[in-house]
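This report refers to the structure that appears directly beneath it.
We're numbering straight along the sequence, starting at 1.
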Amino acid sequence: MKVKPSTIMITRRAIEDHALEYFGDKKLNDISVRFCTQVNRRWIRDGYKQAYYFRRAVAQILQYGVQQELINENPMRKTKAIKRQEIDENLVATETMSFYTPKELAVFLDCCKKYGNQKSKLIFESYPVQVLENRKYLLLNGMILILKLRN
């Protein structure tokens with residue numbers, strides 16, 4: 001079976017950045033279904049859109065342990081599957097953004113200038129900004145930030 005390099009990179013990043021924090025110092029025999037369920041809930045609560053992917057990657061690793069007869073069964077496979085709806089509901093609850101009115105933004109930039117926070121002022125004034133449909137699109141380090149303006 002051939003695996004694309006990008007798939008390997010994504011899986012490796014999921015394991016290194018999100019799973020090792022919880023599973024890295026545990027012995028295989030100490031990983032229980034209850035522990036796996038708690039980790040899954042934490043990933044959902046923390047708003048990771050890829051939580052279902054993290055679960056699958058850990059389950060694959062634990063399944064390898066079963067195949068090598070290091071553990072008898074895979075505790076992650078006994079946990080409830082993470083549904084996209086669960087993740088989306090949590091994101092709605094946690095992703096709240098506030099926006100400056102044009103007047104508030106001007107006050108903020110004035111304060112940056114007055115009190116010495118030139119870095120924040122530089123970010124807002126040095127990059128190309130285009131206003132479309134009452135939203136500002138700001139290109140910053142290759143990312144597009146969308147600033148919604150309140151009237």
N72, CG atom: more than 12 neighbouring heavy atoms under 6.0 Å
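Not more than 12 within 6.0 Å, no.
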
Give the intermediate values and the outcome of side-chain contact (heavy atoms from CB on, under 4.5 Å) for residues R13 and H18.
CA-CA 8 Å; R13 189 173 43 208; H18 304 288; 5.9 Å; no

Tell me whether I71 shares a hydrophobic cluster with L20, the cluster being built from Ile, Leu, Val, Met, Phe, Trp, Tyr side chains joined at under 4.5 Å.
yes

Should I10 and Y52 be regarded as members of a common hydrophobic cluster, given that ILVMFWY residues are connected when their side-chain heavy atoms come within less than 4.5 Å of each other, either directly or indirectly?
yes

With sequence neighbours left out, what residues match R42 under side chain to side chain contact (heavy atoms under 4.5 Å, CB included)?
Y22, R45, D46

Check whether any side-chain heavy atom of P75 sits under 4.5 Å from a side-chain heavy atom of C36, and report yes or no.
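Yes - at least one pair of side-chain heavy atoms lies under 4.5 Å apart.
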
Does the side-chain contact (heavy atoms from CB on, under 4.5 Å) test come out yes or no for F54 and I15, once each step is laid out?
CA-CA 7 Å; F54 302 161; I15 295 299; over 6 Å; no

Between F35 and F23, is the side-chain contact (heavy atoms from CB on, under 4.5 Å) condition met? List the steps.
CA-CA 9 Å; F35 176 76; F23 295 93; 3.5 Å; yes

Where is the tightest heavy-atom contact between N29 and L70, given as atom of each residue plus distance?
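Distance-wise, the nearest heavy atoms are OD1-O, 3.8 Å.
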
How close do K80 and N40 get, counting heavy atoms only, and between which atoms?
O-ND2, 4.4 Å

When rounded to the nearest 0.5 Å, the distance separating CG of D17 from CZ of R12 is 10.5 Å

Just how far is it from atom CD1 of I44 to atom NZ of K49, taken to the nearest 0.5 Å?
14.5 Å

Distance-only donor-acceptor pairs under 3.5 Å for side chains of residues 55-68, two or more places apart:
{"unit_1": "R55", "atom_1": "NE", "unit_2": "T79", "atom_2": "OG1", "d": "3.0"}
{"unit_1": "R55", "atom_1": "NH2", "unit_2": "M76", "atom_2": "O", "d": "3.2"}
{"unit_1": "R55", "atom_1": "NH2", "unit_2": "T79", "atom_2": "O", "d": "2.9"}
{"unit_1": "R55", "atom_1": "NH2", "unit_2": "T79", "atom_2": "OG1", "d": "3.4"}
{"unit_1": "Q63", "atom_1": "OE1", "unit_2": "N74", "atom_2": "ND2", "d": "3.3"}
{"unit_1": "Q63", "atom_1": "OE1", "unit_2": "R77", "atom_2": "NH1", "d": "3.2"}

